[in-house]
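Below you'll find the structure, written out as structure tokens, and then a few comments.
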Amino acid sequence: MVGGIRGADAGSNLRLCGWVHRRRDLGGLFFIDLRDRSGVLQVSVGPDWTEAESLALARGLGAEDVLEVEGEISFRPPEARNPEMATGEVEMKAVRMRLLNRAVTPAIPVFRSPEEELPSEDLRLRHRVLDLRRQEMQRNLRLRHELVLEVRNYLSGLGFVEVETPILTKPTPEGARDYLVPSRNHPGEFFALPQSPQLYKQLLMAAGMDRYFQIARCFRDEDLRADRQPEFTQIDLEASFIQPADLFGWMEGLMAALGRVAGVDVQAPFPRIPYAEIMESYGSDRPDLRYSLRIQDWTRVLEGLEFRVLQAAVAGGGRIRGLLLEGGGGLSRKDLEGLEGVAKKAGAPGLLWVKRAEEGGSGPLARFMEEVTYEALGLRPGDAALVAAGPDRVTSPALGAVRVPALRALGRGPERGAAWLWVTDFPIFEVEEGGRLAATHHPFVHPHAEDEGLLETDPLATRGQAYDLVYNGVEFGSGSVRNHRPEVQRTILRHLGLSHGEIDRKFGFLLEGLASGTPPHGGIALGMDRVVKEFVGAPSLRDVIAFPKTTAARALFEGAPILLSDEELRELHLRRLGPGDGSVDTEDGGIQGPGTP
RNA sequence: GGGGCUGUAGCUCAGUUUGGUUAGAGUGCCGGUCUGUCACACCGGAGGCCGCGGGUUCGAGUCCCGUCAGCCCCGCCA
């Protein structure tokens with residue numbers, strides 16, 4: 001490995017292989033920066049120590065040519081040492097070089113000068129092999145490997161067993177859209193790719209596996225974001241006869257182990273805060289607790305103000321809540337407009353504000369405020385308050401969305417480097433538009449011990465034994481204790497609008513499993529890609545996945561998906577409805593990118 | 001499904017606001033000089049469907065409409 005060569009290696013004769021990173025031609029003398037995954041080493045080529053044939057070869061070398069070099073590791077002349085380079089004290093004096101493979105001029109540079117921008121995402125994905133040769137990407141993928149290895153070792157040490165579950169599975173009626181796979185030998189029938197191994201891991205508990213885990217690939221055919229890929233990897237696990245607290249301890253240990261690998265600060269145990277309390281204080285189910293600012297309830301103080309907006313909100317059963325910003329007087333009108341925009345995007349009709357000055361104040365609320373009102377809110381001169389009024393389902397998301405941007409606008413950075421959090425006791429159901437019930441997490445969450453009686457009578461008030469792991473405002477994963485009794489599971493599916501027949505048809509295999517003596521069990525699934533992204537500090541999930549898809553769910557390198565010919569479709573008992581005429585150009589499956597218009 | 005940003009030389013970007021000679025720079029590439037460089041330096045050169053299609057205009061990289069691609073966001077993601 002070239003990157004590890006040091007002064008201690010001086011005098012040794014070695015044979016090294018790598019890529020031509022850069023080449024400097026000084027006329028009679030050449031310097032070649034030889035690169036492999038470990039780093040870069042300077043190879044010097046000169047007539048006094050290099051064979052003539054190799055000297056001639058050096059003249060014609062280009063970037064990314066693949067080279068084998070034999071020679072002696074030597075200290076460089078003192079004035080020619082490069083302290084910025086890990087290997088900068090030494091070089092290889094090439095005696096003999098062999099060209100292992102020629103590279104065409106690279107479409108995107110592997111070497112990049114300090115101030116130059118990265119090539120566009122489009123080209124990076126299209127020419128992925130070149131992009132992956134960059135040290136940053138090499139480092140990301142290697143660290144990912146080390147994290148996965150640590151997951152396996154850690155969980156195996158706890159007695160968890162990795163079991164593979166099917167990739168060809170049964171389409172599910174709930175949740176995300178499935179990627180479907182037509183069956184050739186069963187006309188008109190389809191498999192689905194798994195959205196997660198959820199049901200299989202529960203069945204493994206029924207099967208007595210006791211402690212299961214899997215580094216599992218999952219597939220969801222939904223529109224993408226910077227933190228969402230159509231196929232992604234979960235650290236999926238499940239255990240029998242456990243309480244949530246068991247799982248919290250294991251996961252905190254796992255995160256600490258991963259943190260040691262990645263150099264991330266992990267201080268366990270993590271705070272465990274019920275969903276209701278988190279929403280009340282931070283307005284989000286995944287708050288970034290590196291910032292401690294909390295939402296306050298100011299209903300009592302402000303409901304008496306002669307301000308119709310506030311009075312109407314309270315009369316309608318809502319509350320008046322807000323954020324107290326110390327030093328918030330420094331927010332410009334533009335800042336405040338920006339924050340109102342954030343609140344509106346989060347669904348609020350608007351955002352009220354008031355700044356207190358030495359005398360009086362300013363902002364939409366100022367003319368209703370008196371000294372005592374400022375005092376009651378805790379506002380001192382120079383402070384500001386951001387206020388929202390209405391039902392909690394509107395004000396919480398709005399204030400939650402504004403919380404961190406408001407602090408950032410005041411130039412405040414995070415108060416700590418890392419903030420871990422368990423959000424517990426999520427409600428089992430939430431209301432969809434139109435009043436239908438939907439599962440907050442998924443339909444297999446076991447009711448909270450104190451709420452089991454509510455499941456029939458007041459499903460919306462029923463808390464589940466469900467929890468999310470949050471790191472710096474990013475949801476790392478979520479889990480729950482599952483229903484192990486078929487009757488409870490049926491009740492929940494019924495609340496979700498499934499008929500008895502549908503339940504049997506779609507979830508019969510699960511209920512059958514549960515009925516056969518399934519132990520109480522629970523588990524969690526962590527987003528592996530997100531964990532790696534956060535731990536390596538990558539700006540996008542695409543930077544921790546070797547061959548990711550674009551925002552439009554295309555693979556640019558291979559050029560997938562592609563149209564199939566009518567003949568190929570016929571074998572699968574499929575017929576084309578959309579674009580394409582069946583005359584598919586099968587020659588164009590190429591490396592150059594999307595093969596079809 | 002909707003909104004926003006971007007698309008000019010192999011790559012990174014100016015030029016588009018206010019339409020007007022031959023569309024520029026850096027880097028890479030090709031040729032030359034150079035024996036201690038390390039973003040080597042210096043000299044010379046090639047390289048453009050200004051994403052694509054249509055329109056307005058005497059004239060479009062620049063204005064208008066459509067479309068494609070990449071990115072970001074809303075919906076969606078149990």
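If you're wondering where the values come from, they're calculated on a predicted model, not measured in any experiment. We name chains A, B, ... by the order of the sequence lines, and we start the count at 1 in each one.
Rounded to an integer number of Å, the gap from NE2 of A:His127 to C1' of B:rG28 is 14 Å. Atom CG of A:Leu556 and atom P of B:rC68 are 16 Å apart (whole Å). In this structure, A:Glu121 atom CD and B:rC5 atom C1' are separated by 15 Å, rounded to whole Å. Remark: C1' of B:rG75 and NZ of A:Lys344 are 20 Å apart, rounded to the nearest angstrom. In this entry the distance linking CG of A:Leu26 with P of B:rG32 reads 16 Å, nearest Å. Rounded to whole angstrom, the span from the CD atom of A:Glu475 across to the P atom of B:rC77 amounts to 14 Å. Rounded to an integer number of Å, the gap from CG of A:Asp131 to P of B:rG70 is 16 Å. Atom CZ in A:Arg554 sits roughly 16 Å away from atom C1' in B:rC71 (whole-Å rounding).
One N or O donor and one acceptor, one from the side chain of A:Lys93 and one from the base of B:rG36, sit under 3.5 Å apart. With hydrogens and angles ignored, a donor-acceptor pair under 3.5 angstrom links the side chain of A:Arg76 to the base of B:rU37.
When only modelled atom types and interatomic distance are considered, A:Arg76 and A:Ser74 share no side-chain donor-acceptor pair under 3.5 Å. At a cut-off of 3.5 Å, with distance as the only test, no side-chain donor of A:Tyr275 or A:Asp468 sits close to an acceptor on the other residue. Between the side chains of A:Gln234 and A:Ser196, not a single donor N or O lies within less than 3.5 Å of an accepting N or O. Judged by distance alone, the side chains of A:Asp529 and A:Gln229 never bring a donor and an acceptor atom under 3.5 Å apart. At a cut-off of 3.5 Å, with distance as the only test, no side-chain donor of A:Asp122 or A:Ser120 sits close to an acceptor on the other residue. A donor and an acceptor atom, one from each side chain of A:Arg35 and A:Gln138, are nowhere located under 3.5 Å apart. For the 3.5 Å distance criterion, the side chains of A:Tyr200 and A:Gln202 fail to qualify, holding no donor opposite an acceptor.
Using C1' as the reference atom, B:rU22 and B:rC50 are 15 Å apart when rounded to the nearest Å. Between B:rG55 and B:rA39, the two C1' atoms lie 47 Å apart (nearest whole Å). When the C1' atom is compared between B:rC34 and B:rC42, the two are found 9 Å apart, to the nearest whole Å. B:rC38 and B:rU27 are spaced 14 Å apart, taking the P atom of each and rounding to whole Å. B:rU8 and B:rA69 have their C1' atoms separated by 16 Å, with the value rounded to a whole Å. Distance check on atom P: B:rC30 versus B:rG51 gives 28 Å, rounded to whole Å. One C1' atom belongs to B:rC63, the other to B:rG20, and the distance between them is 14 Å to the nearest Å. Separation of the P atoms belonging to B:rU62 and B:rU18 is 15 Å when rounded to the nearest angstrom.
Pair assignment for B:rA14 gives none, since no Watson-Crick or G-U wobble pairing has each distance under 3.5 Å. Base pairing analysis places B:rG66 opposite B:rC52; the two distances defining the Watson-Crick or G-U wobble pair are each below 3.5 Å. Pairing for B:rC71 is with B:rG4, a Watson-Crick or G-U wobble pair whose two hydrogen-bonding atom distances lie under 3.5 Å.
Set against B:rU37, B:rC71, B:rC77, the side chain of A:Leu125 has B:rC71 as its closest nucleotide. When the nucleotides B:rC77, B:rC71, B:rC76 are ranked by their closest atom to the side chain of A:Ala176, B:rC77 comes out on top. Nearest to the side chain of A:Asp25, among B:rG70, B:rA39, B:rC34, sits B:rC34. The A:Thr550 side chain lies nearest to B:rG70 when the options are B:rC76, B:rC38, B:rG70.
The aromatic rings of A:Phe111 and A:His21 sit perpendicular, their planes meeting at an angle over 60°, well past the 30° parallel limit. Using bins of under 30°, 30° to 60° and over 60° for the plane-to-plane angle, the ring pair A:Phe507/A:Phe444 lands in the perpendicular bin.
Heavy atoms of A:Ala439 sit under 4.0 angstrom from primed sugar atoms or phosphate atoms, though from no base atom. Counting any heavy atom pair closer than 4.0 Å across all strands shown, A:Ala63 reaches no nucleic acid atom. Contacts of A:Ser196 with the nucleic acid, taken as non-hydrogen atoms under 4.0 Å apart, include base atoms. Among the heavy atoms of the strands, none lies under 4.0 Å from A:Glu64. Note on A:Arg542: only backbone sugar-phosphate atoms sit closer than 4.0 angstrom, heavy atoms only; bases stay farther off.
Taking only side-chain nitrogens and oxygens, A:Arg112 never comes nearer than 4.0 Å to OP1 or OP2 of B:rG28. Put simply, A:Thr551 has a side-chain N or O that comes within less than 4.0 Å of OP1 or OP2 on B:rC71. For the pair A:Arg22 and B:rG28, the criterion of a side-chain N or O lying under 4.0 Å from OP1 or OP2 is met. In this structure, A:Arg24 reaches the B:rC40 phosphate: one of its side-chain N or O atoms is under 4.0 Å from OP1 or OP2.
Counting non-hydrogen atoms of other residues, nucleotides and ligands closer than 6.0 Å to CD of A:Glu432 gives a total above 12. Atom CZ of A:Arg393 sits in a sparse spot, with 12 or fewer heavy atoms from other residues, nucleotides or ligands closer than 6.0 Å.
Looking at heavy atoms from C-beta onward, A:Pro447 lies in side-chain contact with A:Asn483 at the 4.5 angstrom threshold. Counting heavy atoms from C-beta outward, A:Arg23 and A:Phe30 have side chains that approach closer than 4.5 Å.
Comparing A:Ser113 and A:Glu432, the nucleotide of RNA chain B nearest to each residue sits closer to the 5' end for A:Ser113.
Against RNA chain B, the stretch residues 222-236 of chain A makes heavy-atom approaches under 4.0 Å through A:Glu222, A:Asp223, A:Arg225, A:Ala226, A:Arg228. At a non-hydrogen distance threshold of 4.0 Å, A:Leu29, A:Phe31, A:Gln42, A:Pro47, A:Trp49 from residues 29-59 of chain A come into contact with RNA chain B.
A:Asp504 has a carboxylate O that lies under 4.0 Å from a charged side-chain N of A:Arg490, or vice versa, which qualifies the two as a salt bridge. Under the 4.0 Å criterion applied to side-chain N and carboxylate O atoms, A:Arg463 and A:Glu452 are not assigned as salt-bridge partners.
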Find every protein N or O atom lying less than 3.5 Å from an N or O atom of nucleotides 6-13 of chain B, and list the pairs.
{"from": "B:rG10", "atom 1": "O2'", "to": "A:Ala107", "atom 2": "O", "distance (Å)": "2.7"}
{"from": "B:rU12", "atom 1": "OP1", "to": "A:Ser120", "atom 2": "N", "distance (Å)": "2.6"}

